[in-house]
Each structure stands twice: as structure tokens, then as C-alpha cells.
Protein chains: 2
Amino acid sequence: MGEAAKRRHGDAAEKLPAEGTQARRFGKTRSAQSTALLEDYVELIADLLMSSGEARPTDIARRLGVSHATAVKTISRLKRAGLATARPYRGAFLTEKGRALADRVRVRHRLVVDLLRALGVPTEAAEADAEGIEHHVSETTLKAFAQYLKSLG
Amino acid sequence: MGEAAKRRHGDAAEKLPAEGTQARRFGKTRSAQSTALLEDYVELIADLLMSSGEARPTDIARRLGVSHATAVKTISRLKRAGLATARPYRGAFLTEKGRALADRVRVRHRLVVDLLRALGVPTEAAEADAEGIEHHVSETTLKAFAQYLKSLG
DNA sequence: TACAACATGTAGCCTTGGCTAAACTTTGAC
DNA sequence: GTCAAAGTTTAGCCAAGGCTACATGTTGTA
Ligand SMILES: [Mn+2]
Ligand SMILES: [Mn+2]
Ligand SMILES: [Mn+2]
Ligand SMILES: [Mn+2]
């Protein structure tokens with residue numbers, strides 16, 4: 001480790017979290033990230049199905065700001081994950097599991113936006129930030145958010 | 001688009017954000033994600049340098065819960081980005097730019113954790129969730145957080 | 001001083017999530 | 001009914017961020 005370094009700096013050491021603890025936290029973050037995209041897709045597909053009756057690759061792509069080819073590939077991943085089905089040239093549909101996820105994700109999205117707005121964050125910033133934040137909010141934290149909002153009446 | 005579908009569902013349409021608006025939001029989220037890892041690395045390297053005088057690949061890897069090979073590759077990316085330097089077998093060091101980023105990131109991390117705790121989120125959940133949330137909090141939202149915390153005294 | 005233990009670096013593999021280009025279907029306007 | 005426009009699919013490329021395996025370097029201790 002470098003005993004010299006240890007002696008030189010060790011005494012003034014700040015308290016870092018234990019290695020294992022920190023590793024677990026970062027691991028959670030990584031796993032949240034790997035599901036974030038799928039969550040946004042099912043939420044969006046649910047919205048499109050609700051509002052227009054179909055969720056076509058091009059529409060999805062435009063709303064996400066990616067190419068249609070990217071959307072098609074991600075829809076494949078949704079299928080592999082058992083969250084969606086797709087009929088050729090008819091767009092995407094959600095499985096039971098996909099609908100359940102979409103519902104949870106939509107509720108969570110709303111809650112995060114509402115909380116941010118309650119704290120005085122302007123609407124557009126709240127919506128934009130929530131799109132990323134939502135995927136990293138645990139059940140525990142979500143409950144605290146709901147509690148706080150309830151306390152405001 | 002399918003006129004039948006449009007007629008069947010269009011009337012009960014829910015109000016989605018405009019396509020461009022939604023695309024911009026998702027784009028911001030994507031770009032935040034691409035910098036998230038670099039932010040965590042510079043923050044961790046700064047912490048390790050402070051507490052032990054050196055930031056070696058193996059230590060970084062253990063704290064992140066990844067293999068040392070992964071850490072080495074990411075340190076290369078930090079170098080490419082002008083955030084860090086590394087002397088063979090002496091670990092990583094931050095450039096001026098890296099130190100500046102680390103400072104900003106540390107302040108933001110603190111603020112997010114403090115806010116979550118102020119809302120009643122238990123410490124460990126607050127720390128774990130903050131590790132992901134922090135990367136998606138805009139300056140605007142950060143100010144609102146600070147404001148709220150100040151209002152609590 | 002030698003050497004075993006440990007740290008480092010490198011190579012090669014995989015998945016995810018972007019992209020463009022080109023071929024193919026569907027659809028709607030005439 | 002035709003056919004061009006619009007949408008879909010597929011293929012092939014790239015970078016990021018994981019991994020394991022292996023070769024090489026350093027270092028504390030016997
Ligand atoms: Mn989102
Ligand atoms: Mn969302
Ligand atoms: Mn983080
Ligand atoms: Mn952090």
C-alpha cells in the first residue's frame with residue numbers, strides 16, 4: 001500500500017464508507033441503470049397505446065430522440081425480457097408483465113415529479129430531472145416521498 | 001398511422017408531452033448517464049487520495065465492486081477526458097479539471113443525501129439512492145434542494 | 001538477497017445502446 | 001389500381017463498460 005503514504009496521510013484520514021458497503025451501493029446503481037431504458041420504453045409504449053392505440057417504432061424513436069433502428073433493437077430486448085410482443089408492421093404491445101411494470105413506473109414517475117415540484121423545482125426541470133432520477137429511487141425512498149407529500153395536504 | 005386506430009382511441013387521448021420536448025428530456029438523461037461513471041470515479045479518487053494519499057486501481061475496483069481490469073480501463077478513459085493522470089504502479093491522480101469536477105460532485109452528493117434524509121429517508125437508503133440520483137439533478141433542482149434545506153434551518 | 005504474494009497491465013470476449021445504409025412492406029393519394 | 005411516400009426490418013459499424021485469463025512488475029519479509 002505504501003507505508004510512507006499511510007503515515008503521511010493516514011492520521012488525517014476522512015471516514016470513507018466500508019469497502020463492502022460502498023461496493024454494494026455502486027452495484028445497486030449499476031443494476032438500476034441497466035433496467036432504466038426498459039422502464040422508459042414500457043412506460044412510453046403504454047402511453048402510446050393508450051393515446052393512439054398503437055406503438056410503432058418510428059413514434060417511439062421520435063419521442064425518445066433516437067433512430068428508428070435503435071428503437072427496433074430495444075423492442076427486441078423488451079421481447080427477450082418478456083415485457084413486450086410485436087407483430088410485424090403493427091408495432092409493439094405489452095405483456096401482462098410489461099403492463100404491470102408500466103403501471104409501477106408511471107406511478108413512480110408522477111410521484112418523483114410531484115415531489116420535486118413540491119420542493120419548488122420549476123415544472124420543466126422537474127419533468128426532465130425526474131426522467132433520470134426515477135430509476136434510482138428505492139421503494140423506501142418512494143414511501144418517504146409519498147409521506148412527505150401527504151403531510152403537505 | 002392507422003386511421004381506424006386513430007378514430008377508435010384518439011378521442012380519449014391523454015395529453016402526452018410534445019414529441020420534441022419529450023425527446024429533449026430523454027436526451028438529457030442519456031447524456032447524464034454517459035458522464036455518471038466518470039463523476040463517480042473522480043469523486044472516489046479524490047476521496048482515496050485524501051484519506052490514504054494514493055488511489056490505486058485495485059482499491060478503486062474493490063470500492064466500486066468491479067474487477068481491477070475494469071478500473072484500469074476506466075482510468076484510461078479519465079486520462080483521455082483530461083480528468084486524471086496515472087504513473088505506472090503509483091495509481092491515479094487528478095488534473096486541475098478533475099479536482100474541480102470532484103469538488104462539484106462531492107458537494108452535490110452531500111446535498112442530495114442531506115435532502116433525502118431531511119425528507120425522512122433512512123441513512124443507508126439515502127446514501128444508496130443518492131449514488132444514482134445525483135447524476136440526474138440539474139443546477140436548477142440543486143438550488144431548490146439547497147433552498148429547502150436552508151428553510152429548515 | 002531472494003522470492004512469494006500482491007498489484008498492474010494487456011488481450012480478448014460479451015452485452016448494451018447508439019448510428020447509417022439498404023432492402024422490403026404497407027398504405028394512402030390520385 | 002398504381003405507385004410514391006412512409007414505415008419496417010436487417011445488417012454492419014462503433015464506443016462504453018462489464019468480465020476472465022495471463023503475463024509482467026513491485027515489494028515486504030523471511
Ligand atoms: Mn426515465
Ligand atoms: Mn419516466
Ligand atoms: Mn454516483
Ligand atoms: Mn457520489
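Order of the sequence lines sets the chain letters (A, B, ...), proteins ahead of strands, with each chain counted from 1.
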Between P of C:dT8 and NZ of B:K79, the distance in whole Å
12 Å
Tell me what A:V72 touches on the nucleic acid: a base, only sugar-phosphate, or nothing, going by heavy atoms under 4.0 Å.
base
Would you say B:S31 and B:S34 are linked by a side-chain donor-acceptor pair, where the criterion is simply a distance under 3.5 Å?
no
OG1 of A:T141 to CG of B:D129: how many Å apart, nearest 0.5 Å?
3.5 Å
Can you check whether A:S67 has a side-chain N or O nearer than 4.0 Å to OP1 or OP2 of C:dC19?
yes
What is the distance, to the nearest angstrom, from the CZ atom on A:R30 to the C1' atom on D:dA16?
14 Å
Checking contacts here: which listed nucleotide (C:dA22, C:dG18, D:dC19) is nearest the side-chain heavy atoms of A:H68?
C:dA22
Identify which nucleotide among C:dG18, D:dC19, D:dA16 has an atom closest to any side-chain atom of B:R80, counting heavy atoms from C-beta outward.
D:dA16
Over how many whole Å does the gap from B:D59 atom CG to C:dC6 atom P extend?
14 Å
Tested for side chain to side chain contact (heavy atoms under 4.5 Å, CB included) against B:I60, the lone hit among B:L44, B:T70, B:D40 is B:L44
Taking atom P of C:dT16 as reference, at what distance in whole Å does atom NE2 of A:H135 sit?
17 Å
Give the rounded distance in Å between these two atoms: CZ of B:R56 and C1' of C:dA5.
13 Å
dist A:E134:CD -> B:T29:OG1 (nearest 0.5 Å) comes out at 8.0 Å
Which of the following nucleotides, C:dC19, D:dT9, C:dT10, is nearest to the side chain of B:A69?
C:dT10
Within the distance-only criterion (no hydrogens, no angle test), does the side chain of A:K97 pair as donor or acceptor with the backbone N or O of A:A81 below 3.5 angstrom?
yes
Would you mind classifying the nucleic acid contact of B:R62 as base, sugar-phosphate or nothing, using non-hydrogen atoms under 4.0 angstrom?
nothing
Whole-Å gap separating P (D:dT9) and CD1 (A:I60):
10 Å
Report which part of the nucleic acid B:T58 touches: base, sugar-phosphate, or nothing (heavy-atom distance under 4.0 Å, all strands).
sugar-phosphate
So which of residues 82-91 of chain A are in contact with DNA chain C, with a heavy-atom cut-off of under 4.0 Å?
A:Y89, A:R90
What I want to check is whether the side chains of A:H135 and A:E39 have a donor and an acceptor closer together than 3.5 Å.
yes
Find the distance between CD1 (A:I133) and CG (A:L116) and round it off to the nearest 0.5 Å.
5.0 Å
Between atom NZ in A:K73 and atom P in C:dG18, what is the gap in whole Å?
9 Å
